[in-house]
Protein chains: 2
Amino acid sequence: MADVAAAAGVSAMTVSRALRRPDTVSEEVRARVEEASRRLGFVPSRVASALASARTMTVAVLIPSLTNAVFIDLLAGVQETLSPQGYQPLIGITGYGPEAEEHVLRTQLAHDPDGVILSGLDHTPGTWDLLRGLTIPVVHTMDLSVEGDLMAEGGHDDCPVQTVGFSQFDAGYAVGAHLAARGRRRIGLIAGQLDPRTRQRCDGWRQALRDAGRHDPALELMVPDATSVALGAELLERTLATHPDTDALFLCNDDLAQGALFQCARLGIPVPERLAVAGFNDLAGAAWTVPPLTTVATPRRAIGVEAARLLIAGMADRTPKSRENPRRVDLGFRLMVRETT
Amino acid sequence: MADVAAAAGVSAMTVSRALRRPDTVSEEVRARVEEASRRLGFVPSRVASALASARTMTVAVLIPSLTNAVFIDLLAGVQETLSPQGYQPLIGITGYGPEAEEHVLRTQLAHDPDGVILSGLDHTPGTWDLLRGLTIPVVHTMDLSVEGDLMAEGGHDDCPVQTVGFSQFDAGYAVGAHLAARGRRRIGLIAGQLDPRTRQRCDGWRQALRDAGRHDPALELMVPDATSVALGAELLERTLATHPDTDALFLCNDDLAQGALFQCARLGIPVPERLAVAGFNDLAGAAWTVPPLTTVATPRRAIGVEAARLLIAGMADRTPKSRENPRRVDLGFRLMVRETT
DNA sequence: CTGTTAGCGCCTTCAA
DNA sequence: TTGAAGGCGCTAACAG
């Protein structure tokens, strides 16, 4: 920067200004600095800038996994929103464990991010402590804080939080209600990856069936394994083996549902005549399965975009009033009724 | 750090040492520093550390897209390898454009990464210039430099490069040869997302068919659109409409192939009897389609892991001799013959 | 609108 | 094995 300053015949400070906020220097100086900067191939050191200004222009983004399309979409939304504003996402993988999340968060915080985006609301007390101590904006995604009070879940905290997501419970309820409305009597559930969000979906589904007077706990098959097409196929078989009278099935993720559909095709089970199938998330290809899969479209990318926007707003004014003025953004969901139900 | 030093009764310098390289201080001092550090909740500032030591512990990772599972797997491999070593990946999305890549690279370089991982070998001259000027290790992935000379492609450069990947050409050739060996006569091609790697696959396939004396350019359908299940379904129909005698099809990515399979099921076209179908990449679920999809398993995650390892090795010794000693790591591929052929 | 001064928090280097 | 001095490259705060 000193070299550029010398070449342009100004001080280093003016170079800094001319490059970051061109409108604060005279047109003539701006041009000279720009020319010199370009000629010398000057690339400002963000590290030094960060140290001096206490702004790293990075954002910590913690997601459970890179192999789950849901969080990739979230990340894509975050990335495409942050990037044009000059922010660099720092991704951290938590592997669905609150303890691992706390550790990853600590690691990320050492990089002094200007904001934090988390997945879910199920954090360790240690994580809540960390968050409470932060002076940078934090947004929780994929879930909603309890309506009304905007407090974190679990009662271990009175810290207001910003959340962007949709009601997993309501979405699960919608599927259960839909299946019941279709006249199905023996409605089963298959779930994997039992994180809190999955559980909420299941809870919603269960409530819907109870409301319809058709809930049978024996038809619930919940396993901790990561969801996959293979697992869906396997669990479908297991369900039919133990409860051959099942006439409808909610699978808590589309990959499970696709696996189930494949297996139905193999076993010659007509869908939806003999068995109705509903998935969740409306992942790629869901509209093209045979038959096209009924599922719930979730606004994953939009959640990422909105979370990033909230963060940018909070990072812009350095007085973090955002913490006193938390928001709860419900982006909803859509039941996509296709042909498997 | 000064506070910790005071609490431990040592100098700041000793705190720094005790935390980073515990073996360089006395056991007693180490313990005191650790205790004080923990008690005060000290988190060293990586930013300040980076400025002083000229090591940011970050690695720029440039990939074309977050919505292509291939690069997500690559990223996952990179992430899981870098992370335990204390390196933080900085992801950059290039959108499949060499110009955009150059711009993203410039942006990332402002963060002073300690290493760079790129996708492909098709860079702009400007990018090559940038890379040539770097003193940090660089690894190119998903493709291989020309065997023997280890020089970059295109002849615009005499800069030796490190590459980790597999031969896209050979993989495409393997599919073509397989289809021909199955006795198919009218073998078609469907490709989307025409990046250089896709083109190389197509080139290999073409060569195989030529060698078998069965190449018909009329059976090639190449479109620039991003691949998807929907696109596969659509292009299958188009192919059958214009060339109903097609009896085998290579689709350059598994999502296309899955779409084609779905459409075949819809149209009542027996696979593989009437039409053989081969995909590429062995994406999730390929083994579970109906019938199970013949495809090529590509070592995407392993490529990420190996690229990260090479980088770590290169970043460890600060004398970048790695640049004079480039490697070409061929991780191969596997033709997965299943039931669609 | 531009320049001066004084660090940001840590690490390299050297001396003890 | 430990400490002191100095600086990494930039920017906040203020003065002019």
Side-chain angles (χ1 to χ4, degrees), chain A residues 1-34 36-37 40-58 86 88 109-114 135-136 315-319, chain B residues 1-34 36-37 40-58 86 88 107 109-114 135-136 315 317-319:
Chain A
M1 189 177 268
D3 293 348
V4 175
V10 295
S11 73
M13 194 58 239
T14 301
V15 173
S16 175
R17 277 195 279 252
L19 263 25
R20 283 180 305 144
R21 308 183 45 206
D23 52 304
T24 61
V25 300
S26 73
E27 170 58 26
E28 197 224 319
V29 163
R30 193 197 54 66
R32 282 215 315 274
V33 169
E34 219 153 61
S37 171
L40 298 180
F42 174 60
V43 180
S45 161
R46 282 198 179 241
V47 173
S49 169
L51 186 59
S53 67
R55 307 182 104 248
T56 56
M57 298 303 281
T58 63
Q88 171 70 237
L109 289 181
H111 287 272
D112 278 321
D114 293 337
T135 58
I136 54 177
M315 297 184 296
D317 58 340
R318 319 216 18 187
T319 57
Chain B
M1 189 177 268
D3 292 348
V4 175
V10 295
S11 73
M13 196 54 244
T14 300
V15 173
S16 175
R17 276 196 280 255
L19 262 25
R20 280 180 307 143
R21 307 184 44 209
D23 53 302
T24 61
V25 300
S26 71
E27 169 57 26
E28 197 227 318
V29 164
R30 193 197 54 65
R32 282 216 314 275
V33 169
E34 219 152 61
S37 171
L40 299 179
F42 175 58
V43 180
S45 161
R46 284 202 178 236
V47 173
S49 168
L51 185 60
S53 68
R55 308 182 105 248
T56 56
M57 297 302 282
T58 63
Q88 171 70 235
T107 303
L109 289 181
H111 287 273
D112 278 320
D114 294 337
T135 58
I136 55 177
M315 295 184 297
D317 58 340
R318 318 215 17 187
T319 57

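The shown structure was predicted, so the numbers you read here are calculated from the model rather than taken from an experiment. The chains referred to below are lettered A, B, ... by the order of the sequence lines, with proteins before strands, and numbering in each begins at 1.
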Contact under 4.0 Å: B:Ser26 side-chain N or O vs D:dT2 OP1/OP2: yes
Does A:Thr14 put a side-chain nitrogen or oxygen below 4.0 Å from OP1 or OP2 of C:dT2? no
With B:Ser11, which residues qualify under side-chain hydrogen bond (donor to acceptor under 3.5 Å, both in side chains), at least two apart? B:Thr14
Atom-pair distance ([atom1] on [X]; [atom2] on [N]), nearest Å:
X	N	atom1	atom2	result
B:Arg55	C:dC10	CZ	P	18 Å
B:Arg30	D:dT2	CZ	P	12 Å
B:Met57	C:dG9	CE	P	21 Å

Which atom pairs link the protein and nucleotides 7-11 of chain D when you take only N or O atoms and keep those under 3.5 Å?
residue	atom	partner	partner atom	Å
D:dC8	O2	B:Ala52	N	3.4
D:dG9	N2	A:Ala48	O	3.3
D:dC10	OP1	A:Ser45	N	3.2
D:dC10	OP2	A:Met1	N	3.3
D:dT11	OP1	A:Arg20	NE	3.3
D:dT11	OP1	A:Ser49	OG	3.3
D:dT11	OP2	A:Ser16	OG	2.3

Using only atom types and a distance under 3.5 Å, with no angle test, would you say the side chain of [X] pairs donor to acceptor with the backbone of [Y]?
X	Y	result
A:Thr56	A:Asp112	yes
B:Ser49	B:Ser45	no
A:Arg55	A:Met315	yes

Kindly state each residue pair satisfying salt bridge (charged side-chain N to carboxylate O under 4.0 Å, His left out) with at least one member in residues 1-27 of chain A, sequence neighbours excluded. A:Glu27-A:Arg30
Atom of A:Arg46, atom of A:Met57 and distance for their closest heavy-atom approach: NH1-CB, 3.3 Å
Quick note, A:Val10 side chain, CB onward, closest among C:dT2, D:dT2, C:dG3 is C:dG3
